[in-house]
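Note that ligands are numbered from 1 as they come in the structure, with each ligand's atoms numbered from 1 the same way.
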Amino acid sequence: KNNRFNPIVSIVSLSSTLNPEYLQVVRKSFHALQEERRERAERSVLISCSPKVSEKKLLKFLSQHGNVSNCFFYQSYGVYAVVEFASKNSIVGLHESTSLPSMHHEVSVPFKSRLLTLKTNGSADQSGGSNSVEFHPQVAMPINELLQQLSAEESVDQQLSRLTSALQLTEENVSLRFLVCSLVKDVAAAFFPKCTVHPFGSSVNGFGKLGCDLDMFLDLDAASGNPKRKPSGFYLEYQMKREASERAVTQSVLSVVAESVEQFSPGCVGIQKILNARCPLVRFSHQPSGFQCDLTANNRVAMKSSELLYVFSSVDERVRGLVLAVRYWARVHGVTSSVAGAWISNFSLTALILFFLQTRGPPILPTVDQLRDLADQSDQCCVEGNDCTIVSDLSRIRLQTNTESLERLLQEFFEFYAAFPFNHMSINLRKGKEQNKPESTPLHIQNPFEATLNVSKNVNAAQLDRFVALCRESAWFLQQEAGSKPATVPTGGSAQAWGLAALFLPSLAQAAGVKGRRKKKREPASERVKSLLQSISTSHSSQ
Ligand code: CTP
Ligand code: MG
């Protein structure tokens with residue numbers, strides 16, 4: 001079970017639970033995996049159904065358009081089915097037989113997407129009687145429930161693995177993320193027929209938690225590529241409009257796509273254009289999936305850092321366990337937040353964890369330089385003058401065996417950063433070594449692909465102090481508490497929070513002498529707008 005590589009499960013069956021023989025367990029390169037998921041999303045549709053829908057009846061009805069290779073249900077605001085056909089042609093047939101909605105007082109915008117509603121006519125009935133469908137959860141369970149489950153475990157190590165399985169993205173959730181990207185791609189493809197929309201960030205880097213945002217990257221490159229052969233004699237060139245900068249082009253493309261998503265794409269609401277941020281983006285909610293989406297373009301380095309994190313998460317299964325636990329701990333104690341600001345971002349926090357794992361003896365993770373040295377010719381990658389080459393073949397990554405338990409690593413992580421010389425040292429993932437700080441920001445984490453940039457430039461001294469104080473308290477707490485489940489469990493009542501569960505309680509922050517989540521007094525509107533603008537311009541910068 002404790003294999004060094006975390007295999008990626010690729011499901012090619014109608015229902016993975018029913019047909020285990022179809023389960024293919026393969027370790028894939030990031031690109032191969034993304035490409036496979038993108039292609040599967042292209043032949044999928046999202047259907048709103050009745051809560052009592054029968055899977056059998058639905059599949060029978062849809063099979064008139066071709067074989068369904070995968071199908072699952074979830075409940076959000078209503079019940080939805082994600083249906084993947086074996087062939088993309090089936091979608092053509094399906095669209096041909098789909099009706100326009102009948103409206104009484106309004107008129108529908110005739111954009112035919114792959115978001116559909118299952119309707120019934122006359123005597124037909126969607127329900128499957130007592131055979132109700134299984135709903136796959138798309139959000140993490142509430143904290144109280146999680147703490148109870150953790151407290152029922154027997155050891156901190158078991159708590160850590162329970163936490164990982166409760167929080168990590170499921171195969172279904174990732175499929176839904178790719179499907180939403182594919183639906184947005186359909187809108188952009190009206191202008192840029194060969195464009196693609198890729199998820200990046202925590203949706204694909206191996207560290208996503210159920211409910212995390214969906215970062216999307218609109219890639220127009222496929223559409224703008226030059227022919228490989230150098231023309232001899234005559235050749236034709238496109239006439240194109242010009243803009244002053246790459247940034248201006250990105251802004252105008254995103255602006256038009258945002259308009260179209262707003263006007264045409266069903267289910268997409270609350271569209272905000274945040275085009276003046278360092279990395280221009282369009283933010284919206286995709287209601288049927290419940291995802292908060294951030295669409296960017298021209299953000300190739302971020303795509304590459306997602307790949308780097310994916311490689312790290314695949315090297316050893318303890319990596320994801322530690323990252324999810326520390327991220328959760330940081331979130332409950334307000335070290336990180338869902339809004340951008342002067343606090344540590346999840347990306348910075350992850351970098352701190354990965355760095356810590358590089359410094360173990362023997363190391364649990366390779367350095368970025370080692371990943372570059374293992375790369376072959378086909379892995380060479382340069383983005384805007386930065387060498388972003390890393391090995392894609394995960395089987396080449398071999399490390400000396402390190403047998404530390406996850407519990408030990410968690411404890412050591414807290415001790416490491418409780419005592420880290422942040423005031424003069426910088427974190428360098430390329431070398432796996434700390435080095436002198438090149439500038440005087442409180443926290444300095446060198447961007448692994450853009451060496452002159454600090455990933456955590458936004459973090460102020462107070463927020464760093466908070467993190468360090470909580471690390472100190474948590475290290476101390478685990479020393480006292482480690483492995484010590486209370487002997488007596490109150491009968492009838494819920495188990496007392498202990499170990500990892502107790503580490504997530506607000507009392508820990510109080511003991512550390514730091515305030516929990518502050519309920520800020522409302523500032524005057526002008527101040528709020530100012531800080532909002534500030535946080536927007538620091539967020540999503542690919543620093
Ligand atoms: N990113 C970056 N530099 C930053 C912030 C973000 O390069 N200073 C890139 C990283 O590749 C990151 C991605 O943008 O993974 C998405 O950023 P964000 O959504 O903030 O982080 P996630 O890793 O997706 O984590 P979360 O679950 O908080 O969304
Ligand atoms: Mg994200």
Side-chain angles (χ1 to χ4, degrees), residues 30 34 139-140 167-169 173-174 177 180-181 198-218 274 277-286 289-313 319-320 323-332 334-354 368 381 383-384 386 388 390 427 429-430 441 443-459 463 535-543:
F30 183 75
Q34 303 314 303
V139 290
L167 297 183
Q168 71 185 349
L169 298 185
N173 188 264
V174 177
R177 287 169 187 270
V180 173
C181 285
H198 304 276
F200 71 100
S202 53
S203 299
V204 292
N205 66 18
F207 300 125
K209 161 178 170 278
L210 284 172
C212 69
D213 69 358
L214 172 53
D215 302 295
M216 304 174 170
F217 165 57
L218 169 63
I274 309 173
R278 214 193 96 101
C279 182
L281 75 133
V282 176
R283 180 166 288 175
F284 58 93
S285 310
H286 184 259
S289 63
F291 295 140
Q292 163 85 33
C293 304
D294 278 352
L295 177 68
T296 57
N298 206 345
N299 197 8
R300 227 162 258 287
V301 180
M303 199 68 214
K304 211 58 205 179
S305 44
S306 304
E307 178 180 349
L308 175 67
L309 264 51
Y310 166 82
V311 171
F312 281 141
S313 74
V319 182
R320 178 180 304 156
V323 170
L324 286 173
V326 173
R327 278 191 176 201
Y328 200 81
W329 165 90
R331 190 58 185 276
V332 293
V335 169
T336 56
S337 160
S338 61
V339 292
W343 31 85
I344 299 175
S345 67
N346 262 340
F347 186 58
S348 297
L349 185 64
T350 308
L352 291 175
I353 304 164
L354 300 174
V368 179
C381 171
V383 182
E384 291 150 21
N386 300 298
C388 298
I390 51 168
I427 304 282
L429 288 165
R430 280 220 83 98
T441 43
L443 177 59
H444 195 278
I445 304 173
Q446 191 190 71
N447 186 310
F449 292 134
E450 291 177 280
T452 57
L453 299 180
N454 173 11
V455 170
S456 51
K457 194 174 76 181
N458 61 311
V459 177
Q463 291 300 327
S535 71
I536 285 166
S537 67
T538 48
S539 74
H540 284 274
S541 54
S542 46
Q543 298 170 33

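Neither the backbone nor the side chain of Val301 has any atom closer than 4.0 Å to an atom of ligand 1 (non-hydrogen atoms only). Counting heavy atoms under 4.0 Å from ligand 1, residue Arg327 touches it through the side chain alone.
In this structure, CG in Asn173 is found 8.0 Å from OG in Ser203, a value given to the nearest 0.5 Å. Summarising the geometry, atom CD belonging to Glu307 is positioned 4.0 Å from atom CD1 belonging to Ile390; distances are rounded to the nearest 0.5 Å. Between the CG atom in Asp213 and the CZ atom in Phe291 there is a gap of 10.5 Å [rounded to 0.5 Å]. The distance from atom CD1 of Ile274 to atom CZ of Arg283, rounded to the nearest 0.5 Å, is 4.5 Å. Atom CG of Leu218 and atom CG of Asn298 lie 10.0 Å apart (nearest 0.5 Å). To the nearest 0.5 Å, atom CG of residue Leu443 and atom CG of residue Asn454 are 6.5 Å apart.
Residue Asn346 approaches ligand 1 through these ligand atoms, each under 4.0 Å from one of its heavy atoms: 25 (O), 26 (P), 27 (O), 28 (O). Those atoms of ligand 1 that come under 4.0 Å of a heavy atom in Asn205, given as number and element, are 23 (O). For ligand 1, the atoms sitting less than 4.0 Å from at least one non-hydrogen atom of Ser305 are 7 (O), 10 (C), 11 (O), numbered in the order shown with element in parentheses. For ligand 1, the atoms lying closer than 4.0 Å to a non-hydrogen atom of Asp213 are 19 (O), 29 (O). Counting the atoms of ligand 1 from 1 in the order shown, those under 4.0 Å from a heavy atom of Cys212 are 27 (O). For ligand 1 and Asp215, the ligand atoms under 4.0 Å from any heavy atom of the residue are 16 (C), 19 (O), 24 (O). For ligand 1 and Val455, the ligand atoms under 4.0 Å from any heavy atom of the residue are 8 (N).
For Lys209, there are no salt bridge (Lys or Arg N to Asp or Glu O under 4.0 Å) partners, not counting sequence neighbours. A search for ring pair (Phe, Tyr, Trp, His ring centres under 6.0 Å) contacts involving Phe30 returns Tyr310, not counting sequence neighbours.
Relative to atom 2 (C) of ligand 1, the option among Phe449, Phe200, Phe207, Phe347 with the closest non-hydrogen atom is Phe347. Considering Ser202, Ser456, Gly208 only, the shortest heavy-atom separation from atom 23 (O) of ligand 1 involves Ser202.
What you find for Asp215 and Ser202 is that their closest heavy atoms are OD2-N, 4.2 Å.
At least one N/O/S atom of Asp215, whether from backbone or side chain, sits less than 2.8 Å from the Mg ion (ligand 2).
Closest N/O/S atom of Asp213 to the Mg ion (ligand 2): OD1.
Within the structure, the closest approach of Ser306 to ligand 1 falls below 4.0 Å when heavy atoms are considered.
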